[in-house]
Amino acid sequence: MSGSSAVSGSAPCRFAHYFVICGIDTDTGLEPDELAALYQWLEADRQGRDPDTAATGENFEQSPLKRTFKSKVLARYPENVSGNPFDQDAVNMLCMPKGLSFRTQADQRRPQFHSFIITKEDGSRTYGFVHTFYEEVTSPQICSAMQTLYQMHNAEHASANPPSSSSSSSSSSMDSLASSLDEADSPSSSLSSSRAAGSYDSSRDTLYVSKALCLITPMPFMHACRRFLSQLHRAVTAATAPPLPLESYVHNILYEVPLPAPGRSLKFHGVYEPIVCQRPGLGELPLADFSLAEAFSLLGVENLVQVFNCTLLEMQILLYSQDYQRLMTVAEGLTTLLFPFQWQHVYVPILPASLLHFLDAPVPYLMGLQSKEGTDRSKLDLPQEANLCFVDIDNHYIELPEDFPQFPNKTEFIQELSEVLLSFGISAKAGAPPRTHSSPGSTPSTPNREHKTVALRQLVDDGRNGNLAGEELTVLELLQGNATLERLQALTKRTGVMVAHVDALRAGVKAQGTEGQGNRTAAEEEEIRNAKLNVQLREVFASRFITMFADYESFVIQSAPDLESWLTNREQMHNFDKASFLSDQPEPYLPFLSHFIETQMFATFIDNKIMSQWEEKELLLRVFDARIDKARLYNVRAPSLRSSNYQRCSVLKESAQAIEQRLMKIDHTAIHPHLLDMKIGQGKYVQGFFPKLQADVLNTGPSNNKWSHRTASAQRRKDRLRQKTEHLNLDNDLKEKYMQEARSLGKNLRQPKLSDLSPAVIAQTNWKFVEGLLKECRMKTKRMLVEKMGREAVELGHGEANITGLEENTLIASLCDLLERIWSHGLQVKQGKSALWSHLLHYQAREEKLEQQQADSPVSYVPERRKSDSSISLPSLHISLIQDMRHIQSMSEIKTDVGRARAWIRLSLEKKLLSQHLKQLLSRQALTKKLYKRYAFLRCEEEKEQFLFHLLSLNAVDYFCFTSVFTTIMIPYRVVIIPIKKLSNAMTTSNPWVCVSGELGDSGIMQIPKNVLEMTFDSAFRPHTHISALFKCQNLGKLTTVQLGHDNAGLLAKWLVDCVVVRNEITGHTYRFPCGQWLGKGVGDGSLERVLIGELVVPNAEEDSGRGCWTPPLQRSPTQARRISITSLSGRGTKPTSGQIQEAIGEAVNNIVKHFHKPEKERGSLTVLLCGENGLVAALEQFFHHGFKSARLFQKTVFVWDFVEKAVAYMESADQMGDLQETAEPLGMTCQSVCRYVNAINSTSRNIGKDGKFQLLVCLGARDRLLPQWLPLLVECPVILRMYEDTALLRDRTPVNTLIGVLETLHDFPITLESSLVKGIDL
């Protein structure tokens, strides 16, 4: 993926490190594949059969030609390369992922090419390129062994009943994957239909076996390696021997062909044709040679962008195809496009059949699985699918996880990519194969076409037939087809003799080949075209990240003084200011970015950035930073002017030109292959057989190579530098240990060890997974707590404190994903896509069965209840896992198991029951044993306990993650109206009604039937009556107000209400709406309806805090500042001082200002800030009450509203008498406005009482920015002298002017009022 992956040691400058041959070992003969046997053992274990009986004996049911046999590394050159030790098991397994395969002359034996990748512990990569072909079996022992196997197979078949054999084939979905996967290679079974399908008779048939030639290289020069291997194979199958022994070509590529320097191109020679490759410069995107055109054509642009998005969000990605090379092309394409980020988790583009249990890995992964022809997706039983992106490459279709954010500007992005593809003649739709010429060995080809020489191809392709005389052309063809002449040519060259005519002829052809662009060969044209398309597509992707992260550096937190202290404290440190970064982004980008900045790849990118102050910059980071600097030069934009407008890539042309120039003008030509110092008679040629190469000449390279000296000196320089940094910083092992820790989870499992696969090793791997999951759970819960509580601490006492809804949602979504991964680890039995929901359903079925049995027996089971506060007489809510499941099952909006599991997690989290519910679920051990293997996370007792404890810590904070997400569901609410505790007052003959409002809407007016009077007893057995009703309506969100009223009917129409309590019957959230006033004509302020402001009731601390119970205290929520409430002071008969009143007004206005400074989605309720206990209305009411003469004259209480009405009456009469005519124009307007508002409030059909009218006037005045204008008019009014004491605040100009100034600060904000407040008022 990147240039940085070159291997250190003595071979960093060599193009190829190893040449490997894999195939059948004729000495040991036919051995069944041990890995396949192990695989059967694992499968049997997975299905609950006895694994030992399954793995013994041979699989006689399967045709021997279809079975897997063990392949071996037959030879490798050189023996070892320092810095890149040879991993024999891994190379053998990846060269022949399905072992040896056999064919007869009747089968297709087309050569195949594929590549693979080995990721080392430190994350560096080695690439392998494999050319597989079929070679005739000459060993009589192997032919007779195959004959014997066939006889046993036929005998087995004859003894078995024909029908039963067909039923056995569907025994296991995974078997269908792993049993030999060879049918993928033989689509045309029609050839063999003439004889018994797949049979073999040694007297009649010729047996062929697969053999693989492999080059292992430090960098992914895929095209060059493919061409080299294909020419090498061609040399073996050609009718005439190659010009030189094969050892010459292998020695040449191993020791004499260097890696091209950055920004340079290189030409070296295969057996028949020269091969060109190029390496990007330091400022360019790193090398990526896998064809993106092919990846886009296989999947289509839209699908590929969706899979790319899933890769960025670190989901589990499973690629599925019959063709290994397609798996590799798509996997490498995806990881290449991630620039500047790097995939940090398990990466196995080709998953050998023996490693299928790795699909059980409960971590993000990117894996490729070879499909067997005819196996459809439904037969593939994957352990976990809740977070899986399944990519069926051959059928051009993808299955996406349910719920994830889209890539920003996706439509414009797809449009731009489609235009780039179309400019190269490639369709943007899936399934249109790219218009590329078949590369050698990729298509069946006639020997004639296969062996047409390069000169002829040049002439035919470029239409230059007329440029060479026919005679010369014949000579050249003769020369290039004649091996003897070729050898003579090579020999004469070495001795310095020239064959003039031939050389001149060659030079002529060569000169014409380099005359200009028009004279390049079709293959070269194709190569240039592919390279240009690749780089342009990658530039489009890179420019998206440059746009999105242009200012990322401003948000990196550099907190450590040196590398050592940073590495040591890495886990505790915040490296990136996520909240500030998100607040600076355009709104449409937020859903994606908030998820993405939580990923491991982003964390590692930021780690690399921080480490670059002490170390050399990592390559991808260096290129990315340079790109951002360049973009800034051309496009100076202030961060505040962020826009979500799509910015197209501007460097397409120049990036393509750089590549074209390099490929047109070759910078370096490697030494030609030449005769080696070999013994006479070695390297003999037998057509169709790859010879045994001479190890003595291939195991050591030349010592006189000018660049091998360069390598050595570079290495010495590197060693010196390493010693110096070790001396300066810290021991390298320690640093590596810290780095491994710092890079966190899954990294030590980037690629499974491909060698020893005993059950013990598998158990060890699973143990690592268990540890990783526990660590991830600890980190996630800690992060959720710190985020939530951190914000609350910052804003302590300033209204409700919240992390951004978006960020909270992201963290909860990732918790849901983690729980799904934990529940799918080590799973044996699964229904549907969600492992967690499947477990819950099993549990539900068992519990309901038990309930049924208990219902039949006389002793009944009493479920646990949440106690309810005696002062708020609510019936208790059951704590029931099953009940919560039923709530979710009744929600018709949720259609899938994954959706149900997520909704259940959110509901449990909101109810603070997640840990308790899961503990209860796992307490049924018999069920857990039935569903899970021994090594599963859920069966590791100690880890499970710790995991539940981490989840328990989430009860410390309040989440509304269910209520705020499922906004359209129907929810039952219970309303309880509690009168002040005198029995007589509870009795009313009138018809009460309520209307409950929340952030998402209101319930509408609901009449409460009279016959719902309930009586409860408190702890002292005192009776209390109250009215209770249950109603159902669409989710109201967090509740804000209740309108309560009655129709004043009957004799007992007066009603003294203490409070109204409303409970959400699904989430258990309880809200209390204090009233403490009369409703009735002729009592109190004569109100028949009141708007009550609510607050969430916080559970009592002394009750079982582990469960987070619900008992509501009568005081305010403790997260609010516990200031002396103005209303509570006045209620207790202690009049507040003028200082306290002014402070309360300042506080109320301050809270409203802060409300508008929060992001829109987290503002909470403005109604509470206006009309709540410490709201603006209450504070102004106290201001107006100060020094108010409200003595009872003739038993009648005087209200502030009476003063307002009298003042308005005075203004209106003064206006009629013309007294106000002389006043300034604006003042006259203000008089009219105050009169209009007061009259409108008085003429409303609602019976809201005098206090309610004053509240409404303040709210409307604040909304329409009129309060500061009305105050001076009221103060100037002569009525004030009659109704207020001399000491009243309203008669003191200083506090009045201060109040006007404070209220004016609200003019900057758009105050909108809830409909429940302004119902019936048309202003």
Side-chain angles (χ1 to χ4, degrees), residues 23-26 28-41 43-44 49 51-72 96-109 134-210 353-354 372-375:
I24 191 165
D25 184 347
T26 48
T28 55
L30 280 184
E31 293 180 85
D33 193 346
E34 270 173 27
L35 290 170
L38 168 72
Y39 172 69
Q40 283 170 352
W41 187 93
E43 257 315 285
R49 292 179 284 140
D52 299 320
T53 56
T56 53
E58 302 225 2
N59 177 5
F60 291 124
E61 282 180 22
Q62 205 179 26
S63 149
L65 281 182
K66 296 279 174 273
R67 286 180 214 164
T68 53
F69 296 97
K70 194 191 271 186
S71 65
K72 293 241 176 101
M96 296 192 144
K98 53 193 177 191
L100 292 171
S101 51
F102 285 90
R103 295 275 188 277
T104 64
Q105 77 284 351
D107 300 309
Q108 273 203 8
R109 302 186 306 284
Y134 286 89
E135 200 171 70
E136 189 180 331
V137 178
T138 51
S139 153
Q141 292 92 332
I142 289 186
C143 292
S144 64
M146 184 58 80
Q147 180 79 40
T148 312
L149 284 175
Y150 255 100
Q151 286 161 353
M152 290 162 80
H153 169 66
N154 291 337
E156 181 79 14
H157 249 256
S159 67
N161 299 331
S164 68
S165 63
S166 66
S167 66
S168 68
S169 65
S170 62
S171 64
S172 154
S173 51
M174 282 288 207
D175 271 337
S176 64
L177 282 168
S179 62
S180 151
L181 299 155
D182 277 313
E183 279 126 69
D185 295 339
S186 54
S188 58
S189 53
S190 57
L191 287 168
S192 53
S193 57
S194 55
R195 53 201 179 84
S199 70
Y200 168 68
D201 181 344
S202 56
S203 61
R204 178 186 66 202
D205 293 319
T206 313
L207 191 63
Y208 294 88
V209 68
S210 54
S354 53
K372 185 178 167 190
E373 194 185 32
T375 309

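In this structure, M146 CE and S139 OG are separated by 11.5 Å, a value rounded to the nearest 0.5 Å. Remark: Q151 CD to H153 NE2 distance equals 12.0 Å, nearest 0.5 Å. The structure places CD of Q105 at 9.5 Å from CD of E136, a figure rounded to the nearest 0.5 Å. In this structure, OG1 in T104 is found 11.0 Å from OH in Y134, a value given to the nearest 0.5 Å.
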Derivation and outcome, side chain to side chain contact (heavy atoms under 4.5 Å, CB included), residues I142 and F69: CA-CA 12 Å; I142 289 186; F69 296 97; over 6 Å; no
Checking V137 against F102 for the side chain to side chain contact (heavy atoms under 4.5 Å, CB included) test, could you report, in this order, the C-alpha distance in whole Å, the side-chain angles of both residues, the deciding distance, and whether it holds? CA-CA 9 Å; V137 178; F102 285 90; 4.2 Å; yes
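Nearest heavy atom pair, residue Q108 against residue R103, reads O-NE, 3.3 Å. Taking each heavy atom of S210 and G99 in turn, the nearest pair found is OG-O, 4.4 Å.
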